[in-house]
Amino acid sequence: MICLLAAQLHQLDQRSMMHGISTIELMGNAAKGIYEVMRDKHLMKRVMIICGAGNNGGDGLALAALYHESFEQVRVLYVAKQAPISEAARYYYKLCENQNLLIHGGADVVRHLQQDYDVIIDGLFGIGLSRDVDEPYASVIEAVNRSPQTILAIDLPSGINSDDGKVKGSAVKADLTVTFVASKPGHWLYPGYLYSKEVLVKEIGIPRSWIEAVCPALHVIDEADLKKLLPIRHSHSHKGSYGKLLGIGGSQEMTGAILMAGEAAIRSGCGMCTLAVPEHMQPSVPLYLPEFMSIGLPQEGMTISKAAAQYLQPRLAAYDVIFCGCGGGRSDSYTDLVRIVLDSKMACVIDGDGIYALQYLREELLMRDQIVVTPHVKEMTYLIDQSIDEIIEDPLHAADCFCERYPNAVLVLKSERPLIAYKQERYLCAWGNHALAKGGSGDVLCGLIASFIGQGLDPFHAAILGCGIHAYTAHLIIQDCNARSVLPHEISAYLKYSFTSLETG
Ligand SMILES: NC(=O)C1=CN([C@@H]2O[C@H](COP(=O)(O)OP(=O)(O)OC[C@H]3O[C@@H](n4cnc5c(N)ncnc54)[C@H](OP(=O)(O)O)[C@@H]3O)[C@@H](O)[C@H]2O)[C@H](O)CC1
Ligand SMILES: [K+]
């Protein structure tokens, strides 16, 4: 699903006008779209529509006029001090005025919301919100949020900034948002997504080819993307057809990470998986899964030694994809292992301690393609010159900085909504839930991405599919079991259900 910026939508409006599609027509179509949703969701009840002076309010006025043709019980609470700004909104205002549907909000505007309505429709502000919300709008928004009625937002919950999801002062908490043309980044980014429980997109008569010609600011991964990307399995195939993977990681303190990553790789369809671990860990590898092969890396005491990189380097060429990080530890010896992986030019996924090592290997990373790096926000600070707060505040900007600095690398910026970035493309995964907020989830993700590269996807699409399957599985698993209790390796065990759901659904 694509997301467009406010400026891109305004350009499409302009183009429509130039081609004789009037704003009155677009507004009328927007109203029809909301009307259809209300009918499908059984919301044809007593309706209060709150309208501002912009075209978002215009959509609300058009809806009131349309709704009134079949149902008596609709009123418009017109909150703005001035008359509607556009000619189109004034046209629908007049219709409502003629039908006596308007209530004008004065000093006691909030009182009108305490009347008996079943549904409140929010048409205060949409993509034209340009500053923090102040009075009287802030009080109206607070009153809407206190009310027990179903809240339907037109285009965006008022108060949410369309392009980045920030709350401008205060914002409506909508049960449902009906948006037009395409969804907006503000529906999906934090904190905006907390204000849009469900988002439905409606066409309003702007030609599809024009919309498809716009470069989207963001894609939200949907089921259709996963189905399209899932590598095909052929009956005429063998283990070599689906990728030979090498995982490099594990340490005395973190034995499980590399095992969980390897399990995810095998259970998502890779052909073979070998784990290179410190010698002392090697016996535990086949005990975890007999399908694994293993390499014991030279160690000194209980940690890998300086000799490990030299030992492994000539062996790398036997594999198709390498994944590292995953409990490898933070030492010069592990940094040397990551260095030989970067120097090998082989396709690779770098996670966890591997990213810690990358802060000493920024020059080598600059030279690399065929690489996916999967930092969480703290690890992201090892790669770009931004603080954790800056990255959380504007993850899209942080992704832009990464892509400028490392132009051929794929970024997976991990959070409850991972962001995948490569060159100009930005994808967001919105299925995740707190079942994934546990140590080990990131290792599972790393194994999935490596597995999909092994099965023939390029690193960018493998990252999209890996993040998508990871979160989609977490979304399915909590329908069977409480999210608190889900273990990361159970996500791998559950993959068979997500694949079946995608293959047959
Ligand atoms: N192509 C489409 O998707 C179409 C969408 N439509 C709908 O139109 C709105 C966008 O309409 P627009 O008029 O551009 O903007 P808004 O209605 O969101 O708001 C603009 C007015 O609100 C004022 N404003 C902005 N911020 C504040 C604030 N914090 N406090 C008070 N007032 C505010 C703004 O004033 P300015 O001084 O900034 O000019 C405007 O008066 C879109 O969301 C859809 O719902 C159309 O139906 C057509 C096609
Ligand atoms: K709105």
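Just follow the structure's listing: the first ligand is 1, and inside any ligand the first atom is 1.
Counting atoms of ligand 1 from 1 in the listed order, those under 4.0 Å from a heavy atom of M27 are 47 (O). Close contacts of ligand 1 with V133, meaning ligand atoms under 4.0 Å from a residue heavy atom, involve 29 (N). Ligand-side atoms of ligand 1 in range of I85: 40 (C), 41 (O), range being under 4.0 angstrom from any heavy atom. Every atom of ligand 1 with a heavy atom of D155 under 4.0 Å away is listed here by number and element: 42 (C), 43 (O), 44 (C), 45 (O).
Between Y422 and Y427, the distance separating the two ring centers is not shorter than 6.0 angstrom. Annotation: H219 is not in aromatic contact with W188 [ring centroid separation under 6.0 Å not met].
Of the candidates Y92, F180, Y137, F125, F125 brings a heavy atom nearest to atom 24 (N) of ligand 1. Nearest to atom 47 (O) of ligand 1 by heavy-atom distance, out of D59, I127, N161, L9, is D59. Among N56, D132, I204, L26, the residue whose heavy atom lies nearest to atom 4 (C) of ligand 1 is I204. Between the choices G126, A30, G54, the shortest heavy-atom distance to atom 18 (O) of ligand 1 belongs to G126.
Take K45 and apply the salt bridge (Lys or Arg N to Asp or Glu O under 4.0 Å) test, not counting sequence neighbours, and it matches no residue.
For the pair C429/R417, no side-chain contact is recorded, criterion being any heavy-atom separation below 4.5 Å from C-beta on. Side chains of L156 and H187 form a contact here, defined as non-hydrogen atoms less than 4.5 Å apart. In this structure, I206 and R15 have side chains that are not in contact, with every pair of non-hydrogen atoms separated by 4.5 Å or more. The closest side-chain heavy-atom distance from E390 to D394 is not below 4.5 Å. Within the 4.5 Å cutoff, no side-chain heavy atoms of V172 are placed close to those of Y195.
At the K ion (ligand 2), the vertex angle linking OG of S158 with O of F125 is 60° (nearest 10 degrees). Put simply, the angle at the K ion (ligand 2) from O in I154 to O in L156 is close to 70°, to the nearest 10°.
What sits closest to atom 26 (N) of ligand 1 on the protein, heavy atoms only, is S130 N, 3.0 Å. Looking only at protein heavy atoms, the nearest one to atom 8 (O) of ligand 1 is N55 CB, 3.1 Å. Scanning the protein for heavy atoms near atom 29 (N) of ligand 1, the closest one is R131 O, 2.8 Å. Scanning all protein heavy atoms for the shortest distance to atom 15 (O) of ligand 1 gives G128 CA, 3.2 Å.
Contact annotation for H10 and ligand 1: only side-chain heavy atoms (C-beta onward) come within less than 4.0 Å of the ligand. Counting heavy atoms under 4.0 Å from ligand 1, residue L129 touches it through both backbone and side chain.
Protein heavy atoms are absent from the 4.0 Å sphere centred on atom 39 (O) of ligand 1. Checking atom 2 (C) of ligand 1 against the protein gives a heavy-atom contact under 4.0 Å. The protein reaches atom 33 (C) of ligand 1 closely, with a heavy atom under 4.0 angstrom from it.
K227 contributes no side-chain N or O that, together with a main-chain N or O of E503, makes up a donor-acceptor pair within less than 3.5 Å.
Note: an N/O pair closer than 3.5 Å links D13 and ligand 1 by distance alone.
For D122, the N, O or S atom with the smallest separation from the K ion (ligand 2) is O.
If you check the side chains of N161 and D164, you find a donor sitting under 3.5 Å from an acceptor. Counting only N and O atoms by type, the side chains of H10 and D13 include no donor and acceptor under 3.5 Å apart. Of the N and O atoms on the side chains of T23 and Y91, not one donor lies less than 3.5 Å from an acceptor on the other residue.
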**OP:** Go through L366 and Y406 one step at a time and tell me if the side-chain contact (heavy atoms from CB on, under 4.5 Å) criterion holds.
**Re:** CA-CA 5 Å; L366 263 176; Y406 310 107; 4.2 Å; yes
